[in-house]
Amino acid sequence: MSDTESKPDTGVPEVPVPADDTPEVLNKALSGLSSRWKNWWVRGILTLAMISFFFLIIYLGPIVLMMIVLIVQIKCFQEIITIGYSVYHSYHLPWFRTLSWYFLLCVNYFFYGETVTDYFFTLVQREEPLRILSKYHRFISFALYLTGFCMFVLSLVKKHYRLQFYMFGWTHVTLLIVVTQSHLIIHNLFEGMIWFIVPISSVICNDIMAYMFGFFFGRTPLIKLSPKKTWEGFIGGLFATIVFCALLAYVMAGYRYFVCPVEFNNDLNSFQVDCEPSELFQLQDYALPSVLQSLTGWSTVKLYPFQIHSIALSSFASIVGPFGGFFASGFKRAFKIKDFANTIPGHGGIMDRFDCQYLMATFVNVYIASFIRGPNPTKVIQQLMALRTDQQLHIFNALKVHLIEKGLLMTQYDKLRCL
Amino acid sequence: MTELRKRGAVPVPDSTDGDNISDKEAEGVDTEAECEGDKADTPDVPPSSADNTPECITKALEGLPPRWKNYVIRGILSMAMISGFFFIIYFGPITLILTVMTIQIKCFHEIITIGYRVYRSYELPWFRTLSWYFLICVNYFFYGETLADYFGALVQREEPLQFLSRYHRFISFALYLAGFCMFVLSLVKKHYRLQFYMFAWTHVTLLLVVTQSHLVIQNLFEGMIWFIVPISIVICNDIMAYLFGFFFGRTPLIKLSPKKTWEGFIGGFFSTVVFGFILAYLLSQVQYFVCPVGYNSESNSFTIECEPSSIFELQEYTLPTALHNILGWETVQLYPFQIHSIFLSSFGSLIGPFGGFFASGFKRAFKIKDFANTIPGHGGIMDRFDCQYLMATFVHVYIGSFIRGPNPSKVLQQLLLLQPEQQLSIFHNLHSHLRERGLLPPPQA
């Protein structure tokens, strides 16, 4: 194929494919089967292994989840950067590997610092060094980034300018895609584990369902980029995912562990996931449209409002999420690689599994911010306390007026009348 | 294929065998062959359009030798740009915002055009549309956030604006996603790599150019002095370093920019600090520069009037004994802002040039002399603004960390969006806090 491609894509050395990573034990157990079936079995087993692992870490709680997200992010970053090195043959620019990891550290420091300041506000205020780091956090992060920038400029070597700029650009785009979105995942997580589990499950379910529908009914190809995808798979996956997601939402909305925002309890110095569930997670009656009424014989149905939201989330995962997958497919074709890496036998690299997840995580974050969550009260208090006293007084008076209007506060006059 | 190699060098012998192209230089071939994996995008960017100098200037300077002619043109254009700067400051905030936006669009256009030339991707028409579309999306997002912040009252009044403001992030994200999906659908079989390169090129440019121009605008809203002083510092450093280098320059500074010298660097540093200090003194006295730009909802216009904050009020500073003996003064009256200006000037002189080196490296990497030819004698807009961007980001972070507290109207806005129980609890917290400070009368018995 490479001979017939136009000039811009020729001359591309193939990225060497790493050797097969399947564990010996699996290889032995499946030695009898033909290679196609063997591949399927390996994929199937690994899929089950990954899903079980997912359940395990959910059980272990928020801290473990955060760490897993961090590890996945680092691995994705490494996979993409390694591809960049292979494409550009830039292994011999040792500075650049150091710089890429340095930038990764900087951006992570910035994001984790903001998260820590938001959610562990009281803890941070107590410890003096943490307080200073938190107050000047943006400045410190910027200074760290600038150091990396200056090191990059000083490391520019005469005959490798273009290469170095390419790697600089490559690193930054990767950071933009991988790191920012992994932090959005963590924000979603803090909102309540259900906002982490349901989106990820939708994407996984859509993957699997679209594959099954495509396997059994697939006929019309969907997009030239991914010849294996079919319209039947796409539509079947959409409906199956919506149903699955609504059911999953129903099951999970009943548990506080999943539904409550993750909070840090300063006295106990631990995470607690305990609260009064918001009205999204309380059963409400919905009147069925008359069509469904005649079909099922029920006049109203009890649903969690969250299930309605889950329909929006699963629709996104099935309709727009796959574009993340197509983007990754196009990327792999552009750089003539089969998989991002060979970390997971039968599946490819971590990035191969997570390509659709990133778009989903961003969507969920924007969705929550736009339709669900109000501002974070701790953050508002934080900002209030940082204002000047005359500004605080002004806000106090405005708030007072507002609360009195809403009948939440009794004026002095009302208090006197009650006596 | 041969036209790609027509630079006069001997064609690379293994050019027909794609797999053997490596990134290391082949011997005897000039450096243009070094590239990454794609040998097709090495050719240098074709020289930009002919010299843009207006006819009248060229005629007037006919007699002089070309070197002097270049100096005079540069000099005239420098003065023209500085006057233009004063002019738009006079016109006020709206004009400044429009100017920043125009510059941003032009810089974006310049960098994207370079990308097209490097990758010869003119024949991908979708891509030009998509780049501009992404530019509009990101600008919509940023301007929307700014408008919602600063024009809160106006936005609340108009129903469509209120709706757009409440769901702003969602709308911006949806617009961006539409562009992303269009990109994926536009991927054409033989041009995948090219398209991904242009996608990345566009995004990095957006990251650099657009985000930082919005930081410039936010600095502006903080008070025009936070816009004028940093830009003047960078301009002054440029000019002073050039002059010092011209008269005293001896030791080269960095291989990237052979014309820069240590003497210029250090001389520029000291003179910029002094210049910044004096400029800060002059501007701190004028309310027009010092007050945050506020929008008056009743009169539907910008007002720049306020009680100047404490950093713009003269304070007494005791001089250290060394200076005391030299000057004979015990204390000196300074604006605290002047102390801040020292930090800004130091940054502008010491770190700001790295932005310039970055741009020089970029130009060498892609073998272009200037970003474009918009300004005769100077090059493109990006050539003039390469150091400014780093400065703008620094000023923004500096203000956020050391000067400004949170925006009170924004805090109130957020407060009103909370749940009633949360509002009540914050209300009581605030009440006791203010009572402690003695700002509220104690509760009546």
Side-chain angles (χ1 to χ4, degrees), chain A residues 2 5-13 87-89 136 138-139 142 146 149-150 153 156 158-159 161-163 165-166 169 172-173 176 224-225 320 323 326-327 330-331 333-335 366 369-370 374-375 377 380-381 383-384 386-389 391-396 398-399 402-403 406 408, chain B residues 18-19 21-23 25 31 34-41 167 169-170 173 177 180-181 184 187 190-194 196 200 203-204 207 255-256 351 354 357-358 361-362 364-366 397 400-401 405-406 408 411-412 414-420 422-424 426-427 429-430 434 437 439:
Chain A
S2 54
E5 287 198 59
S6 66
K7 300 295 168 292
D9 285 333
T10 50
V12 172
V87 169
Y88 292 117
H89 288 266
Y136 299 109
R138 290 200 171 185
F139 190 77
F142 183 64
L146 266 189
F149 182 85
C150 295
V153 171
L156 289 172
K158 187 160 180 175
K159 298 192 170 135
Y161 290 147
R162 189 179 286 216
L163 210 67
F165 271 93
Y166 277 151
H172 278 68
V173 176
L176 192 72
K224 284 201 287 281
L225 259 180
V320 186
F323 279 89
F326 300 150
F327 186 85
F331 180 84
R333 279 168 194 274
F335 296 100
V366 173
S370 302
V380 178
I381 296 181
Q383 291 182 315
L384 250 185
L387 289 172
R388 293 199 307 261
T389 33
Q391 294 167 322
Q392 286 174 341
L393 198 58
H394 169 75
I395 289 182
F396 176 78
L399 186 59
H402 173 83
L403 287 173
K406 292 249 173 159
L408 287 158
Chain B
D19 287 353
I21 296 290
S22 75
D23 302 325
E25 277 175 74
T31 50
E34 63 134 305
C35 68
E36 3 33 79
D38 293 0
K39 60 183 201 245
D41 54 3
Y167 298 109
R169 288 198 174 187
F170 191 77
F173 183 63
L177 267 188
F180 182 84
C181 295
V184 171
L187 289 172
K190 294 187 174 146
H191 301 290
Y192 290 147
R193 187 178 283 221
L194 210 68
F196 272 92
H203 278 68
V204 176
L207 193 72
K255 284 200 286 280
L256 259 181
I351 313 278
F354 278 89
F357 300 150
F358 186 85
F362 181 84
R364 278 167 195 276
F366 296 100
V397 174
S401 301
V411 178
L412 186 58
Q414 290 184 315
L415 255 183
L416 295 173
L417 285 173
L418 288 173
Q419 304 286 342
Q422 295 165 323
Q423 287 175 338
L424 262 178
I426 291 182
F427 178 78
N429 269 336
L430 190 58
L434 287 173
R437 297 283 179 101
L439 283 155

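We use all heavy atoms of the structure for the numbers below, so side chains are in, but hydrogens, waters and symmetry mates are not. Just so it is clear: chains get the letters A, B, ... in the order the sequence lines come, proteins before strands, and each one is counted from 1. Predicted, not measured: the structure shown is a model, and the values here were computed from it.
Looking at residues two or more places apart in sequence or on another chain, you find a side chain to side chain contact (heavy atoms under 4.5 Å, CB included) between B:L207 and A:L176. Every residue was checked against the ring-ring contact (aromatic ring centres under 6.0 Å, His included) condition with A:F142, not counting sequence neighbours, and none meets it.
Taking each heavy atom of A:C150 and B:I351 in turn, the nearest pair found is SG-CG2, 4.0 Å. Closest heavy-atom contact between A:R162 and B:A365: NE-O, 3.0 Å. Heavy-atom minimum distance, A:G330 versus B:L187: CA-CD1, 4.1 Å.
Atom NE2 of B:H203 and atom NE2 of A:H172 lie 14.5 Å apart (nearest 0.5 Å). From B:F357, atom CZ reaches atom CZ of A:F149 across 11.0 Å, with rounding to the nearest 0.5 Å.
Proximity to chain B (any heavy atom under 4.5 Å) is shown, for A:V153, by both the backbone and the side chain. Using a 4.5 Å cut-off between heavy atoms, B:F170 touches chain A through backbone and side chain atoms alike.
Annotation: maximal heavy-atom pairing with chain A below 4.5 Å, among B:Y167, B:F196, B:F180, occurs at B:F196.
Aromatic ring pairs are classed by plane angle as parallel below 30°, tilted from 30° to 60° and perpendicular above 60°; the pair A:F396 and B:F427 is parallel.
In the displayed structure, B:R169 atom CZ is contacted under 6.0 Å by at most 12 heavy atoms of other residues, nucleotides or ligands.
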